[in-house]
Each structure stands twice: as structure tokens, then as C-alpha cells.
Amino acid sequence: MHKPVAIHEQLYWVGVNDWETDIFEALWPLPQGVSYNAYLLTDTHTALVDTVKSSFLDSFLERLYQLLPAGKGLDYLIINHMEPDHSGAIRTLLHLFPHMQIVGNAKTAGMLEAYYGIRENVKVVADGDTLSLGQQELTFYLTPMVHWPETMMTYESRQQVLFSGDAFGGFGALEGDIFGDNLDLERYEPEALRYYANIVGKYSNMVQKALARLQNLPISTVAATHGPVFRNNAQWIVSRYDAWSRYEAEPGLVIAYASMYGHTEAMAEAVAVGSRQAGLAPVMLKHVSRTSLSELIALAWRYQGLVLGSCAYNGKAFPYMDLLARQLDNKLLQNRQVGLFGSYSWGGGGLRELQKFADEGKWNLCGEAVAAQGAASDSDLTACENLGAAVAQQTLKASPKA
Ligand code: FEO
């Protein structure tokens, strides 16, 4: 990926692959890397759409200079999103091309000053404004909170290209081909969903608003800031984002549990037995100490059923379970069929905290929550099987694909 890649006439990908960052936003693992996509429109006036993380400046500039006509710099830099994984090259570009106009909305302007001390060379646009580059015309659509307040999308009408910012993006570096045309979608979808659930999902209502705003726009190509460029199958990624932001889910159950000495794990296994016997598949057992928070959130987003179980720890839920519950709450995930269980030694803790979480969210609580003291008795385990069966029945009822 050392050269620019032509997408259409007068449009090129000039982004970079990042195989070095282990944890995105210092939180979310990147086992398959990530790409920072930037796009160059070559026309009477040249325009760059977004930039890359500052640590990849060298390879980004090398790619850019391969396309800029000798002696001619950049006329416009369109900033769809100010998060530093996309704005990291702005100051350098301004040094290199001092006449360049930075195009963003009023909120972008405030962030340009706050992050980079930039007050000059800023062209502020409003929703629906246009900018002609010569043969190509750009229209700007403000899509706040997808993923920051200043986020906007840029549409090029001649080739019907939507530069969508973080929306329609995914984790995973580009593997030898920037296009989603021949992508193994079954392999890619979990990484796209993990990105959605971890990064964008909290703002699902704003994703829905953005989709409504764009619904009459003919879109042939989706060019996001992360992941593949969708040229012939743009509708696939748009429909995935639509479903995820409406909290649609597949039939299936994730049992996330915390257990130190195996007693709570035995309860989790009994829940799994009950749900399988009720006819639900797949059923997944995930120990919260051995599964990343990122993966757990993505699985909760993917599947209709969710059971949380925790041992007590210092009178509270186990720390990683506490973190998971808080993050599910923070991400505003909703409309799941939820079951709860816990164990304790003397004063309780695990289940009590989970019940607080469940009471505050928009969940469909299923069956009877189970609390066991010490090692679960036979009747406790039977109650766990019943809980699994109750969640499974509700999950099957709530899943259109089942
Ligand atoms: Fe990829 Fe919200 O930045």
C-alpha cells in the first residue's frame, strides 16, 4: 500500500495502514490493524478530504506528492472530522501549502483553534453548502455526533461519492486492496461491528438522523475514514449501520460471567444448558477476565440475548463485570433480552450491582435472577437452567431471523 490508489477519475485514496497501534483510543485492541483513509480530488482546484494520524505523516506525504502536479499545492483541505487520527497532519499541510483553505463547519473552526492553534485559512461551511473544484462539486452535510459534534460528510455529485467520516468505517487494516468489492464480507463484518459498537454505537440515534438526512442522495461509493472503500456494494455497509443503529440483533446468547474459583462459572454453564435445551443457538460463554471489553460489547451488540453473572468482590460486582455493565450503560445499548445471576460468600454484592444496572437500562428482563451462596446447590443450578431457558425463549421470540 505504498502508492496512491485510483478510485474514480480524479479521485485517489492517499491514506495509510496502521499495523503498529495495539489499542485504538488507548482502549480497543487492533489485532488486524486499522487504516486512516484520506482522499485526494484532482481537478482545477485540488482538494484533500481528511488526513491521517500524525505518526504516519511521512508515508502519507509521500503518497500525496506523487499526485500533486509540480509547483501546484493543495487548494482545499476538507475536514469531515477533527479527531486526531484524521486531523493529525493539518498543521504540517498548512506549513507546506500556506494558501490552502481548510474547509469545515463552525464547530470544526473551534476545534482547529483548540487542537492546533489554527485561526487563519479557515473556510466555514453550513449544512447544504457547496464547493466547486472545476468539474466536481462538493456538498457538505452536517452529521453531528457521528462521532463528534463537528462531524460532517462530504458528497461529490458527479461520481456519487460519499466521504462519510467515521460512519460506515470498520477496524482492520486494508489487506492489499482498498476496495470492499471483493471483500470476504463474512470475515470483515465482525470487525466492522466491533468498530461500530466500540466507537460509534453510543450515537446510534444520531446515525439514524444522518441516514434520514442522506436517504434521497444517490450513493455509488462510500469512502469512510477507516476500512474499505465500498464502490459496488455501498448499500451493504449502509444497511449494516442502519441495522446496528436500530439495535437489531441476531438470535443467539452471550453469557458474560466473572468467576474466581469456578462456582459462578458452574452457574454460567447451567444457564448455557438451559438455553441450549430451549433450542437457542449459538450460545457463548465468555469469562470477563479472559475476553476483551471490546469483544464483549461487540457480542452484546450482535446477539439478542445477554446474561450477566458475577461473583461478589469486596461487596460489589467483580471489577471487570462492573466495567462491562458500566460500558454497556455508557454505550446506550438497549432492546436485549437480559438475565442475571450471581454468587456471594457473606454479604452479597455481585447480583445486587447487576440488578441496579438492569433497572436503569432499556432491557427486557427475563426469568428469575439467581443468587447462590458459596458453591451453587443443585436447586441453584436448576434455577440457572430455568433462567437460561427463559432468556432463550424470549430471545427466539424477539429474533425475526430465528
Ligand atoms: Fe476515526 Fe472519530 O475518529
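Atoms within a ligand are numbered from 1 in the order they appear, just like the ligands themselves. Nothing fancy with the numbering, it's 1 onward along the sequence. What you are looking at is a predicted structure, and each value in this text was computed from that prediction instead of being measured.
Considering just the N/O/S atoms of His226, the one nearest atom 1 (Fe) of ligand 1 carries the name NE2.
Shown here for Arg336 and Ala300, the closest heavy-atom pair between the two residues is NE-O, 2.9 Å.
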N/O donor-acceptor pairs under 3.5 Å from side chains in residues 30-39, not counting sequence neighbours:
unit_1	atom_1	unit_2	atom_2	d
Ser35	OG	Asn37	OD1	3.1
Ser35	OG	Gly227	N	2.9
Tyr36	OH	Asp18	OD2	2.6
Asn37	OD1	Trp13	NE1	2.9
Asn37	ND2	Tyr39	OH	3.4
Asn37	ND2	Ala224	O	3.0
Asn37	ND2	Gly227	O	2.8
Tyr39	OH	Ala224	O	2.7

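Every residue two or more places apart in sequence or in another chain that forms a side chain to side chain donor-acceptor pair (under 3.5 Å) with Lys53 is listed here: Thr21. Here Lys356 pairs with Glu353 under the salt bridge (charged side-chain N to carboxylate O under 4.0 Å, His left out) rule; sequence neighbours left out.
Around atom 2 (Fe) of ligand 1, the protein contributes the following N, O or S atoms under 2.8 Å, ordered by chain and number: His81 NE2, Glu83 OE1, His147 ND1, Asp166 OD2.
Classified by interplanar angle (parallel below 30°, tilted 30° to 60°, perpendicular above 60°), the ring pair Phe318/Tyr320 is perpendicular.
Seen from the ring of Tyr141, Arg213 does not count as a face-on cation partner, given the 6.0 Å and 45° thresholds.
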